[in-house]
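Because the structure is predicted, anything quoted here is derived from the model rather than measured. As the structure lists them, so they are numbered: ligands from 1, and atoms in each ligand from 1. Because only heavy atoms are used, hydrogens play no part in the values below, and waters and symmetry mates are left out as well, while side chains stay in.
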Amino acid sequence: MRYISTRGQAPSLSFEEAMLTGLARDGGLYLPETIPQMSAADIRALEGVSYEEAAFRVMRPFIGDAFADEEFRGIIARAYAGFGHAARAPLKQLEPGHFLLELFHGPTLAFKDFAMQLIGQMFEASLTRSGRRVCIVGATSGDTGSAAIEAFRGLEAVDVFILYPHGRVSEVQRRQMTTPVEGNVHALAIDGHFDDAQARVKDMFNDFEFRDAVRLAGVNSINWARVLAQVVYYFTSAVSLGAPERKVSFTVPTGNFGDVFAGFIARQMGLPIDRLVVATNQNDILHRCLGTGEYRPDGVIPSISPSMDIQVSSNFERALYYAYGQDGAAVAQVMDELKAGGFAVSQGALQALREVFESGRADEDATRAAIRATWDASGELLCPHSAVAVHVAGAHRHPGVPMITLATAHPAKFPAAVEEASGIHAPLPERMADLYDRAERVTRVGNDLRAIETLIKERIAN
Ligand SMILES: *Cc1c(COP(=O)(O)O)cnc(C)c1O
């Protein structure tokens, strides 16, 4: 299995190389050259197997010879052992025909654990085998950084540095980054906004001398291995509602388009998905684009669902690649236009997108109302991201097709917004109830590239 760039100008790579590289050299994102198929019989056979076994069967065709079967089973087992629910991704009924896929039972209470825990184990296995070490640097507005620190803490072959904007992440998010005691993970609080943190990380990747000296690697949401890990729960949830005999639709709280794109891959593999509904908050560039064909970033307005506050949705490029008939040059062209302010999706590509994707938005009031109404009707307490999706799902139900809405974070991760909407305080699950008592370890850094690079080099040397 080879991986090719969405922009068509980078050399093809193996799964392992694509995972360790992240972004392609031509600025594109990696995709499998062909998408493996699951037959109806393969899909039917997933019924009743463990999440780990389903994960093995769904992902195995994508990884080539990166890992032997038994090694890969071990990686998957270790990745999901720390989840707080035996089903890993349990499905709950909200009302007739509408189901909630709970993806927040991982160690940091957000769906990003599904991908990050797996990628942590895959990095460790691959690097240990080749005797290499890498240094992972990432910027976060909260969920990605906590998931990365949790996934990589204590591993031998990896150092992790996460930059987050000082004073601008929730207390739970901050504590999840600052309380792990392992010496290979480092939380850095930068004076500035998320955009500053992200810009300094980009600068580090562009500083080739530094990049080579510390062997920099990235695990942000464009990493193909992260997308792949998320394909699995589309299969497990659809099968539990009767796939492949019955079609299902999904509504997905969307920011960088990684999660919903994993649904697209599941559909391409043969899972009978009717519609993928892209749910956005008031930062609705994707909803507007699917409506009008115009993709023009116009600034972010902070919301109570911060993990979906985006300007540029990086994984959307992967969907565009298929919509443009796998024409890398066409994708490179629109991405160039984006740099100059925005682009218009061609009529043919827009039509192709609309054959699969629908979209909707929820403003702040609608989000709060969905938290309240869902609590009243079903006793399920939603985080604001999941509430955006539940609101949008309501308008996209089709008779006879069950709707599965993805719940991407635990309500206790966003207690203030949840309490304001519902009057209910969401307690942390018992296994992390002492989070507020653990000692924090964090380094405050200025918004200064050289200072940050020096700090990282010193820490790695020790
Ligand atoms: C990251 C995140 C999202 C958005 O997922 P994308 O893959 O970026 O579209 C939604 N909800 C939560 C809680 C998240 O952490």
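At a heavy-atom cutoff of 4.0 Å, ligand 1 is contacted by the backbone of Phe257 but not by its side chain. Contacts of Lys112 with ligand 1, taken as heavy-atom pairs under 4.0 Å, involve the side chain alone. With a heavy-atom cut-off of 4.0 Å, Thr408 touches ligand 1 through backbone and side chain alike.
For Phe111, no nitrogen or oxygen atom sits less than 3.5 Å from a nitrogen or oxygen atom of ligand 1, counting backbone and side chain alike. Checked against a 3.5 angstrom limit, the closest N/O atoms of Ala409 and ligand 1 fall outside it.
The Gly258 neighbourhood of ligand 1 comprises atoms 6 (P), 7 (O), 9 (O), with distances under 4.0 Å to a heavy atom of that residue. Interface atoms of ligand 1 facing Pro253, defined by a heavy-atom separation under 4.0 Å, are 4 (C), 10 (C). Below 4.0 Å from some heavy atom of Thr254 lie the following atoms of ligand 1, by number and element: 9 (O).
Taking a cutoff of 4.0 Å between a charged side-chain nitrogen and a carboxylate oxygen, Asp434 and Arg438 qualify as a salt bridge. Salt-bridge check for Arg175 with Glu440: passed, with a basic side-chain N closer than 4.0 Å to an acidic carboxylate O. Ion pairing of Asp196 with Arg168 is absent here, as no side-chain N (NZ or NE/NH1/NH2) approaches a carboxylate O to less than 4.0 Å.
With rounding to the nearest 0.5 angstrom, the OG atom of Ser313 is 11.5 Å from the CZ atom of Phe261. To the nearest 0.5 Å, atoms CZ (Arg431) and CG (Leu109) are separated by 6.0 Å. To the nearest 0.5 Å, the span separating CG on Asp309 from CG on Asn281 amounts to 5.0 Å.
Phe72 and Phe56 have tilted rings, their planes meeting at an angle from 30° to 60° on a 0 to 90° scale.
By the 4.0 Å heavy-atom criterion, Ser221 is excluded from the residues contacting ligand 1.
The closest protein non-hydrogen atom to atom 7 (O) of ligand 1 is Asp259 N, 2.9 Å. Protein heavy atom in closest approach to atom 9 (O) of ligand 1: Gly255 N, 2.8 Å. Among protein heavy atoms, atom 8 (O) of ligand 1 sits closest to Asn256 N, 2.7 Å.
For the 3.5 Å distance criterion, the side chains of His98 and Thr405 qualify, holding a donor opposite an acceptor.
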